[in-house]
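We use all heavy atoms of the structure for the numbers below, so side chains are in, but hydrogens, waters and symmetry mates are not. Order of the sequence lines fixes the chain letters, A, B, ..., with proteins taken first and strands second; residue numbering starts at 1 for each chain.
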4 protein chains.
Amino acid sequence: MILKTNKPKYTQIIDAAVNVIAENGYHASQVSKIAKKAGVADGTIYLYFKNKEDILVSLFQEKMGIFIEKIEKEINDVDDAEKKLGILIKMHFNQLAENHDLAIVTQLELRQSNIALRLKINEILKKYLKIIDEIIDAGINQGVFRKELNPRLARQMIFGTIDEIATNWVMKDQKYNVVKQADEVHELIIQGLSSNVD
Amino acid sequence: MILKTNKPKYTQIIDAAVNVIAENGYHASQVSKIAKKAGVADGTIYLYFKNKEDILVSLFQEKMGIFIEKIEKEINDVDDAEKKLGILIKMHFNQLAENHDLAIVTQLELRQSNIALRLKINEILKKYLKIIDEIIDAGINQGVFRKELNPRLARQMIFGTIDEIATNWVMKDQKYNVVKQADEVHELIIQGLSSNVD
Amino acid sequence: MILKTNKPKYTQIIDAAVNVIAENGYHASQVSKIAKKAGVADGTIYLYFKNKEDILVSLFQEKMGIFIEKIEKEINDVDDAEKKLGILIKMHFNQLAENHDLAIVTQLELRQSNIALRLKINEILKKYLKIIDEIIDAGINQGVFRKELNPRLARQMIFGTIDEIATNWVMKDQKYNVVKQADEVHELIIQGLSSNVD
Amino acid sequence: MILKTNKPKYTQIIDAAVNVIAENGYHASQVSKIAKKAGVADGTIYLYFKNKEDILVSLFQEKMGIFIEKIEKEINDVDDAEKKLGILIKMHFNQLAENHDLAIVTQLELRQSNIALRLKINEILKKYLKIIDEIIDAGINQGVFRKELNPRLARQMIFGTIDEIATNWVMKDQKYNVVKQADEVHELIIQGLSSNVD
DNA sequence: GATGAATGAGGTTTCATTCAT
DNA sequence: CATGAATGAAACCTCATTCAT
């Protein structure tokens with residue numbers, strides 16, 4: 001469906017890209033298809049973006065920006081690192097659940113891109129990873145997380161776990177409620193597997 | 001008749017594919033390049049594989065088969081679930097560290113493939129995930145892992161953590177020793193972040 | 001949107017195809033060769049035709065359309081079925097003789113195509129066969145052709161004869177004047193072999 | 001079905017070729033398929049035939065040889081040119097009707113071959129065309145055919161008519177009885193369309 | 001004579017990007 | 001600003017033929 005809204009073309013194109021990629025898959029999302037969905041001519045795309053890769057990088061940047069901003073806002077309202085982490089997990093799942101297409105694009109489709117693009121995406125992701133790093137630091141300082149933690153490994157565990165769970169959920173066509181599992185995931189990350197029968 | 005025996009040519013081609021993909025990247029790995037590296041004619045590839053995708057699926061199948069077999073062997077020697085998990089993590093990292101090219105191919109390049117291929121790869125991965133599931137089950141039964149664990153989430157945490165760490169390590173050009181961190185990762189998964197100051 | 005209008009490019013490509021096929025033969029007529037002769041890029045072909053087969057079907061359709069139109073026009077000017085047939089035969093040969101390349105393409109090269117294409121060509125030919133059928137009907141009604149004629153066999157005789165003569169002429173490199181034989185052929189079809197010494 | 005008969009391999013291969021081409025079509029009849037059906041190795045084909053084209057030429061030669069021989073035999077028993085022609089037409093249809101696969105191969109599939117092969121086939125056909133020529137000559141000499149006949153055109157009419165009718169019959173999946181129409185076709189060729197109301 | 005594994009040339013089509021209007 | 005027709009590079013796979021055994 002082509003809608004000629006009064007959104008600036010830049011936003012129109014990015015939203016069209018999300019939609020087209022979610023519906024057709026990364027490799028079947030030609031520039032011409034995105035242009036058509038955005039209601040602009042193929043050539044117009046190149047007035048707003050350097051090239052196709054730039055659309056995707058910008059897409060990720062824009063959406064991730066909003067993603068991060070919302071999470072930061074909520075996290076800043078609490079002091080306890082453990083609670084911060086709980087909020088981050090719940091909001092991570094929540095934002096994906098609220099945007100069906102974006103979930104598909106970020107969890108599945110964009111990962112098919114070439115390594116150059118993936119490195120750029122990783123660059124953008126760093127802001128998010130930094131938030132996780134800060135929570136870990138805070139937790140250690142507050143004494144709720146173990147002093148001996150390797151912060152990098154801890155962050156990779158947190159992100160790896162959340163991301164794997166999100167990806168599995170998208171691959172199952174988002175059929176179950178992943179947000180409801182946030183607390184369990186939180187508990188898992190905080191307590192690990194152990195029954196602590198020391 | 002195409003038989004996937006351990007004939008030299010079949011193995012030659014798969015090993016060439018690993019090498020070519022690691023060196024040139026997924027999208028720049030033409031069949032002709034693989035054939036050249038394997039020392040066979042382009043057409044010979046098609047005596048052993050249905051099509052290009054089949055090379056990649058077979059590659060993953062063969063290598064993952066060995067990967068799993070070795071891990072299973074070691075794990076069966078111990079009873080304690082926690083130790084089993086420790087072995088799995090160490091061997092996972094170890095096998096990637098021992099095969100530089102294969103690490104690049106499985107952690108980075110093969111993930112750029114289209115969804116059809118990714119689904120086939122996931123199918124193969126299931127055998128590995130099943131081993132993790134069995135460790136979790138054993139741990140719960142032995143009382144070393146919490147009864148309340150959601151086994152699926154636990155498995156996703158374990159795999160997500162290991163995979164994220166492995167991918168980061170490969171993206172950093174395998175510059176540090178990931179095997180040395182196996183114990184720390186194990187501890188992280190078993191104990192979580194918490195300092196347990198309950 | 002691809003419109004089969006009389007835009008220059010569409011016609012350019014078809015005419016180039018006739019020329020290239022006549023000169024190089026059906027199997028040696030690559031799309032790139034046709035594009036070059038038409039003075040367009042390879043990809044431009046696909047803005048005007050679905051695929052290579054579509055070039056050939058369109059070629060036959062366009063040329064046969066003109067062929068039929070011209071014959072119909074002349075035939076409509078006379079009433080006598082016998083004369084209609086005479087005109088059809090003369091014009092059939094004449095149009096082939098006027099277009100050296102097209103004669104080669106339709107009589108020799110296009111017949112090497114696969115069955116799918118041949119069926120499409122046959123479909124187009126039906127319009128021409130229908131004209132022959134109408135002449136036969138008219139002739140029977142006018143009493144100049146025998147009442148007992150099997151119209152289908154009669155049509156097959158007419159078309160088979162004309163086509164065989166045309167093909168032989170093309171295979172002899174169009175070295176003699178086939179148009180001059182039109183009257184003889186007409187006589188042959190009307191009177192048969194018989195000397196009528198009943 | 002692969003039958004290891006004690007027929008010489010040469011004949012085995014030709015019969016397999018007829019069968020394979022009739023079933024799969026000209027372009028889908030690879031040498032390996034013919035070899036398989038003949039129950040020999042691919043390489044064995046090249047002990048009996050120079051190349052693939054040679055199989056097809058030999059096939060046509062062998063089968064046409066039998067075809068012609070039978071017709072000649074019957075024709076020699078009568079003197080009247082008109083009757084000779086009647087026999088030729090009936091036997092032409094009859095031999096095609098008796099060999100379903102061969103009819104498909106000669107009327108449809110072999111015509112998709114390249115021009116080089118078609119020229120060789122025409123060379124073989126000449127023996128058959130010569131028989132027709134002799135009938136025409138005899139008819140003129142006997143006074144049953146018109147003196148003024150152009151013998152070449154007459155031969156092209158006869159062969160073109162018979163061939164067109166045979167081809168149409170094969171394209172209609174040989175669903176009706178073409179042999180029954182032989183007399184009508186004969187009459188058509190002898191008397192033409194005309195009702196002779198001079 | 002017979003085998004069949006190996007060879008390697010060759011072509012259709014897609015799609016990101018440009019640029020004249 | 002916007003258009004969209006035109007560009008042209010690039011690769012998977014088939015199959016007739018060979019030749020060492």
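Separating the CG atom of A:Asn51 from the P atom of E:dT17 is a distance of 5 Å, rounded to the nearest angstrom. B:Gln30 places its CD atom 14 Å from the C1' atom of F:dC13, with the value rounded to the nearest Å. The nearest whole Å value for the distance from the CG atom in B:Leu117 to the P atom in F:dC12 is 14 Å. Going from atom CD1 of D:Ile13 over to atom P of F:dT17 covers 14 Å, rounded to whole Å. Atom C1' of nucleotide F:dA11 and atom NZ of B:Lys36 are separated by 15 Å, given to the nearest angstrom. Taking atom CG of A:Leu47 as the reference point, atom P of F:dC1 lies 8 Å away to the nearest angstrom. Between the CD1 atom of D:Ile45 and the P atom of F:dC19 there is a distance of 18 Å, given to the nearest Å. Straight-line distance from the OH atom of B:Tyr10 to the P atom of E:dA6: 15 Å, rounded to whole Å.
Residues D:Glu123 and D:Lys120 are not paired through a salt bridge, judged by the lack of any N-O separation under 4.0 Å between the basic side chain and the carboxylate. Electrostatic pairing of B:Lys63 and B:Asp15 counts as a salt bridge here, judged by a charged N lying under 4.0 Å from a carboxylate O.
Along DNA chain F, the nucleotide nearest B:Gly43 and the nucleotide nearest C:Gly43 are compared for position; the residue whose nucleotide lies closer to the 5' end is C:Gly43. DNA chain F is contacted by both C:Asp42 and B:Ala28; C:Asp42 maps to the nucleotide lying nearer its 5′ end (nearest heavy atom per residue). Mapping A:Ser32 and C:Glu53 onto DNA chain E by nearest heavy atom places C:Glu53 at the nucleotide closer to the 5' end. Residue whose closest nucleotide on DNA chain E sits further toward the 5' end, between C:His27 and B:Val40: B:Val40.
Distance from the side chain of D:Ala41 is smallest for E:dG4 among the nucleotides E:dC15, F:dA6, E:dG4. Side-chain proximity of C:Lys52 to E:dT13, E:dT17, F:dG8: nearest is E:dT13.
In terms of phosphate contacts, A:Lys9 brings a side-chain nitrogen or oxygen within less than 4.0 Å of OP1 or OP2 of F:dA2. Residue A:Tyr46 has no polar side-chain atom (N or O) positioned under 4.0 Å from OP1 or OP2 of F:dT3. Distances shorter than 4.0 Å separate some side-chain N or O of D:Thr44 from OP1 or OP2 on E:dT3.
Among the heavy atoms of the strands, none lies under 4.0 Å from A:Phe49. Across all strands shown, C:Val31 has heavy atoms under 4.0 Å from base atoms, whether or not it also approaches the sugar-phosphate.
Among all heavy-atom pairs drawn from D:Ser32 and D:Asp42, the shortest one is CB-OD2, 3.4 Å.
Remark: E:dA20 base-pairs with F:dT3. Criterion, Watson-Crick or G-U wobble with two distances under 3.5 Å.
Distance check, rounded to the nearest 0.5 Å: OH of D:Tyr26 to OG of D:Ser113 gives 4.5 Å. Residue C:Leu102 holds its CG atom at 11.0 Å from CG of C:Asn19, rounded to the nearest 0.5 Å.
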